[in-house]
Amino acid sequence: MKVNGTPTRTIWLAADGWAVEIIDQTKLPHDFAITRLESMADAARAIKDMLVRGAPLIGATAAYGMALAMRADASDGNLQAAHDALYATRPTAVNLRWALAAMMEALRPLPPAQRAEAAYARAAALCDEDVEINYAIGTHGLHIFRQVWQKKPQGERLNVLTHCNAGWLATVDWGTALAPIYRFFDEGLPIHVWVDETRPRNQGASLTAWELNQHGVPHTVIPDNVGGHLMQHGMVDLCIVGTDRTTASGDVCNKIGTYLKALAAHDNGVPFHVALPSPTIDWTIDDGVRDIPIEERSAEEVTRMTGRTDDGRIETVTITPEGSPAGNWGFDVTPAKYVTGLITERGACPATKAGLKALFPENA
Ligand code: MRU
């Protein structure tokens, strides 16, 4: 996607050919800052502190973290240590496990002297695959968007609601849930996006709004509790979100609050779609509520907020009374029965075991 008109990915090799550069997403939307990762520990910190976030980008960063580790010390011991350190960064997005497994599979059989070069090549290939996958999700999603739009009175815009950031910033390029939005917009078709602010870290207000703005897509940021009201009044034609882990039977784990949007969509007959690259499917589990580990983060993310003052300073303020505890669960699970359809790189399917099995017979 373009940043100030320049095509940009979210992760790339620095000009020196070995360090890795990322966009520091904790600084957006106020500052577009690039951060250099020089070690496995830098990559792990970038994931844990959410300089990079979003399931596919977490996987891509971990892959490059393995390459940085192999450049420093390609022994068997460090291979396993790097895997374990990166694996421990965030618990919910299964792409992390998937990317690390792909790296281990490529590197373990090699003699240490060949591992660094092979690791960089595999990490680059994973990134390119992510871009291809997301472009294909965009193609399949575009078809669904067109179908919904064609049922509207002629000339009306398509109103789409999304939660969190499942856009370009959450992947290497294109995004998952936002890929069909970009494709619909690029076709010159009329679209408007309701952007859930996504408390407590505000990925919608800070990141989705920023990237839609960069691309020129009409949008409106709304507090998280507005969506149900909009759906009751016919102001949402479809919802589309990403996912951090989808079970083999189609339960969808995504940013906290997704479940409530799915319930509201169900109650109002609004289609609720989930866009997912296949590395986000966890084929080892069926019951998302029971089996998906839900990340719990610092209470400070709830009790404090950061923003820009009118005179341009970035400040953090406390919004709760001193002494009030806060709870911060990062994700929730939307049971498959509330999901209208899954949009993958191989096409769309019902959120069922049979639906996923038909698209991915080799995994099921
Ligand atoms: O905590 P985050 O910002 O990493 O959460 C991201 C999400 O929940 C996204 O919706 C999900 O990773 C899908 S991204 C294509």
Side-chain angles (χ1 to χ4, degrees), residues 1 10-11 22-26 28 46-62 89-99 127 129-131 133-138 141 161-182 195-211 224 239-246 252-262 272-282 288 292-298 301-302 328-334 339 342-345:
M1 305 302 289
T10 54
I11 187 166
I22 54 163
I23 300 163
D24 180 351
Q25 300 192 21
T26 64
L28 288 171
I47 298 171
K48 205 172 178 51
D49 295 345
M50 294 179 68
L51 279 70
V52 290
R53 26 67 52 203
L57 183 57
I58 291 171
T61 308
T89 49
R90 292 194 72 191
T92 302
V94 79
N95 307 54
L96 176 63
R97 183 177 85 192
W98 174 86
C127 289
E129 280 165 33
D130 182 64
V131 178
I133 284 175
N134 297 329
Y135 187 80
I137 288 173
L161 183 144
T162 191
H163 190 71
C164 193
N165 173 263
W168 165 71
L169 286 166
T171 63
V172 177
D173 207 346
W174 282 107
T176 58
L178 296 200
I181 291 174
Y182 288 126
V195 179
D196 278 355
E197 64 174 343
T198 319
R199 283 280 293 145
R201 288 189 66 99
N202 298 319
Q203 287 94 330
S206 301
L207 305 179
T208 299
W210 181 80
E211 60 169 271
D224 288 323
C239 301
I240 187 163
V241 297
T243 167
D244 288 81
R245 195 184 292 226
T246 297
V252 168
C253 182
N254 191 49
K255 182 51 55 192
I256 193 80
T258 301
Y259 171 48
L260 294 178
K261 288 299 136 69
F272 189 90
H273 291 279
V274 179
L276 67 152
S278 55
T280 310
I281 304 168
D282 186 342
I292 297 180
I294 301 294
E295 177 177 22
E296 288 184 50
R297 296 184 64 88
S298 149
E301 291 184 350
V302 179
N328 189 8
W329 289 268
F331 300 90
D332 60 24
V333 173
T334 300
V339 177
L342 302 172
I343 307 172
T344 78
E345 70 269 26

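Being a predicted model, the structure only gives us computed values, none of them experimental. As the structure lists them, so they are numbered: ligands from 1, and atoms in each ligand from 1. One is the number of the first residue; the rest follow in order along the sequence.
Side-chain polar atoms of T208 and N165 form a donor-acceptor pair below 3.5 angstrom. With 3.5 Å as the limit, one finds a donor-acceptor pair spanning the side chains of D24 and T26. For the residue pair R53/Q203, the side-chain donor-acceptor check at 3.5 Å is not satisfied.
Every side chain to side chain contact (heavy atoms under 4.5 Å, CB included) that A46 has, sequence neighbours left out, goes to I22, L37, L51, V52. Here S206 pairs with P29, N202 under the side chain to side chain contact (heavy atoms under 4.5 Å, CB included) rule; sequence neighbours left out.
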Quick check for students: name every N or O atom pair between ligand 1 and the protein closer than 3.5 Å, with distances.
from: ligand 1; atom 1: 1 (O); to: R90; atom 2: NH2; distance (Å): 2.8
from: ligand 1; atom 1: 1 (O); to: K255; atom 2: NZ; distance (Å): 2.7
from: ligand 1; atom 1: 3 (O); to: R53; atom 2: NE; distance (Å): 2.9
from: ligand 1; atom 1: 3 (O); to: R53; atom 2: NH2; distance (Å): 3.2
from: ligand 1; atom 1: 3 (O); to: Q203; atom 2: NE2; distance (Å): 2.9
from: ligand 1; atom 1: 4 (O); to: G54; atom 2: N; distance (Å): 2.9
from: ligand 1; atom 1: 4 (O); to: R90; atom 2: NH1; distance (Å): 2.8
from: ligand 1; atom 1: 8 (O); to: D244; atom 2: OD1; distance (Å): 2.9
from: ligand 1; atom 1: 8 (O); to: N254; atom 2: OD1; distance (Å): 3.1
from: ligand 1; atom 1: 8 (O); to: K255; atom 2: N; distance (Å): 3.4
from: ligand 1; atom 1: 10 (O); to: N254; atom 2: OD1; distance (Å): 2.6
from: ligand 1; atom 1: 12 (O); to: A55; atom 2: N; distance (Å): 2.9
from: ligand 1; atom 1: 12 (O); to: D244; atom 2: OD1; distance (Å): 3.2
from: ligand 1; atom 1: 12 (O); to: D244; atom 2: OD2; distance (Å): 3.0

In a table with atom names and distances, give each donor-acceptor pair under 3.5 Å that connects a side chain of residues 92-99 to protein atoms at least two apart or in another chain.
from: T92; atom 1: OG1; to: P293; atom 2: O; distance (Å): 2.7
from: T92; atom 1: OG1; to: E295; atom 2: N; distance (Å): 3.1
from: N95; atom 1: OD1; to: T280; atom 2: OG1; distance (Å): 3.4
from: N95; atom 1: ND2; to: T280; atom 2: OG1; distance (Å): 3.2
from: R97; atom 1: NH2; to: D282; atom 2: OD1; distance (Å): 2.9
from: R97; atom 1: NH2; to: D282; atom 2: OD2; distance (Å): 3.4

